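Positions are given from 1, in the same order as the sequence printed here. The model shown is predicted, which means the values in this text are computed figures rather than measured ones.
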Amino acid sequence: MPWPDTVICQFEIIPLNPNGNDFYGAYNKLLSTLFPSDTDFTVVPRHLEPCSSQSCTPMVFFEVVLGTKPVFILKPQAPADLTYGSSRQTADQEIRLRLGDLAEQCPIPTLHAVSAMGMRLCFYHVDTTHFPSEIIPHGIPRHPTRVNDTAPKERWDCDVLDANGEARLRAVVDAIKEACENITNV
């Protein structure tokens, strides 16, 4: 089922050469469509201070919560960030840190996350039933003396507006909703 016109329109009005914050409205509309306001889910924008001295830009995530418990994370960024290995590495690290921060609070067996560089998506998940748990896809360690790609561009392997990207995102959302069906105390 294709995205509603109201979602498509939000992506179409994004300016040429956009910044990451140009995508906030589009992803907020998309997540609010997938997790409607008349349900127990809420889409919450989170503005976090940078976790390292290497960055001075606040981190912005969209978190979907069931009651007060996190069940999904999306971090939008500029499409130009996909070009640079350092930007992909930072995005990868930020998603992994957020998954680690929220995994123990998640009321379902799997916490899912998406890194969105423009409209390109990279999917992550972590098992919340055992700690410590591996985050998938596995992290690639930085080599201490050689240049290596710790967050390959190929991981952002689908477009949110293409049929494949939509299907993958909807499958994750369907799995989250199914896992949340029998939860009562959140």
Side-chain angles (χ1 to χ4, degrees), residues 1-15 18-51 57-79 81 91-126 128 135 156 158-162 164-186:
M1 178 169 83
W3 298 123
D5 289 342
T6 55
V7 170
I8 300 292
C9 178
Q10 289 298 308
F11 282 96
E12 288 176 343
I13 64 173
I14 294 170
N19 293 315
N21 60 355
D22 291 322
F23 287 87
Y24 295 172
Y27 280 111
N28 186 46
K29 178 65 96 174
L30 176 65
L31 291 174
S32 296
T33 299
L34 293 168
F35 297 97
S37 63
D38 63 348
T39 67
D40 290 332
F41 296 102
T42 305
V43 178
V44 181
R46 300 273 190 219
H47 300 267
L48 306 175
E49 292 303 314
C51 55
T57 306
M59 297 177 289
V60 177
F61 294 85
F62 285 100
E63 294 172 7
V64 176
V65 295
L66 178 67
T68 61
K69 304 293 184 182
V71 295
F72 182 73
I73 303 164
L74 185 138
K75 182 165 190 330
Q77 290 191 218
D81 289 343
D92 183 70
Q93 290 171 342
E94 290 172 352
I95 283 283
R96 290 175 187 284
L97 287 170
R98 199 67 186 144
L99 281 165
D101 288 346
L102 299 179
E104 290 186 74
Q105 299 171 39
C106 182
I108 58 177
T110 304
L111 178 59
H112 291 271
V114 169
S115 170
M117 292 206 180
M119 292 185 280
R120 304 295 299 173
L121 307 180
C122 177
F123 291 82
Y124 295 79
H125 66 273
V126 64
T128 63
I135 296 172
W156 284 262
C158 65
D159 185 307
V160 69
L161 296 183
D162 288 347
N164 180 43
E166 179 184 350
R168 285 181 65 191
L169 185 55
R170 283 188 187 274
V172 166
V173 169
D174 289 347
I176 291 167
K177 288 179 175 179
E178 183 177 331
C180 291
E181 280 180 359
N182 297 318
I183 295 176
T184 55
N185 297 326
V186 286

Looking at every heavy atom in both [X] and [Y], which two are closest together, and how far apart are they?
X: G165; Y: C158; value: CA-SG, 3.7 Å
X: P109; Y: A179; value: CD-CB, 4.4 Å
X: I108; Y: C180; value: CG2-SG, 3.7 Å
X: Q10; Y: A26; value: CB-CA, 3.6 Å

Roughly how far, to the nearest 0.5 Å, is the [atom2] atom of [Y] from the [atom1] atom of [X]?
X: L169; Y: L30; atom1: CG; atom2: CG; result: 6.0 Å
X: D40; Y: T68; atom1: CG; atom2: OG1; result: 11.5 Å
X: D162; Y: R168; atom1: CG; atom2: CZ; result: 12.0 Å
X: K29; Y: L31; atom1: NZ; atom2: CG; result: 12.0 Å
X: L102; Y: R46; atom1: CG; atom2: CZ; result: 8.0 Å
X: I176; Y: L111; atom1: CD1; atom2: CG; result: 8.0 Å

Output, in order, the C-alpha distance, side-chain angles, deciding distance and verdict of side-chain contact (heavy atoms from CB on, under 4.5 Å) for L161 and I8. CA-CA 8 Å; L161 296 183; I8 300 292; 3.8 Å; yes

Find out whether [X] and [Y] are in side-chain contact, i.e. whether some heavy atom of one side chain is under 4.5 Å from a heavy atom of the other.
X: R98; Y: M59; result: no
X: N19; Y: D22; result: yes
X: V160; Y: Y27; result: yes

Taking the six-membered ring for Trp, are F23 and F11 parallel (under 30°), tilted (30 to 60°) or perpendicular (over 60°)? tilted

Would a line drawn from the ring center of F72 to the ring center of F61 be shorter than 6.0 Å? no

Indicate yes or no for a side-chain donor-acceptor contact from T42 to the backbone of V44 under 3.5 Å, with no hydrogens or angles considered. no

Determine, for D174 against R170, whether the closest basic-nitrogen to carboxylate-oxygen distance falls under 4.0 angstrom. no

Looking at residues at least two apart in the chain, or sitting in another chain, which of them share a side chain to side chain contact (heavy atoms under 4.5 Å, CB included) with S37? none

Residues in side chain to side chain contact (heavy atoms under 4.5 Å, CB included) contact with A113, at least two apart in sequence or another chain: I73, I95, L99, Y124

Strictly by side chain to side chain donor-acceptor pair (under 3.5 Å), give each pair with a member in residues 103-120 just once, sequence neighbours left out. S115-W156

Which is it for K75 and E94 under the side-chain contact (heavy atoms from CB on, under 4.5 Å) test, yes or no, and what are the steps along the way? CA-CA 9 Å; K75 182 165 190 330; E94 290 172 352; 2.7 Å; yes

Check whether F35 forms a cation-pi arrangement with K177 (NZ or CZ under 6.0 Å from the six-membered ring centre, at most 45° off the ring normal). yes

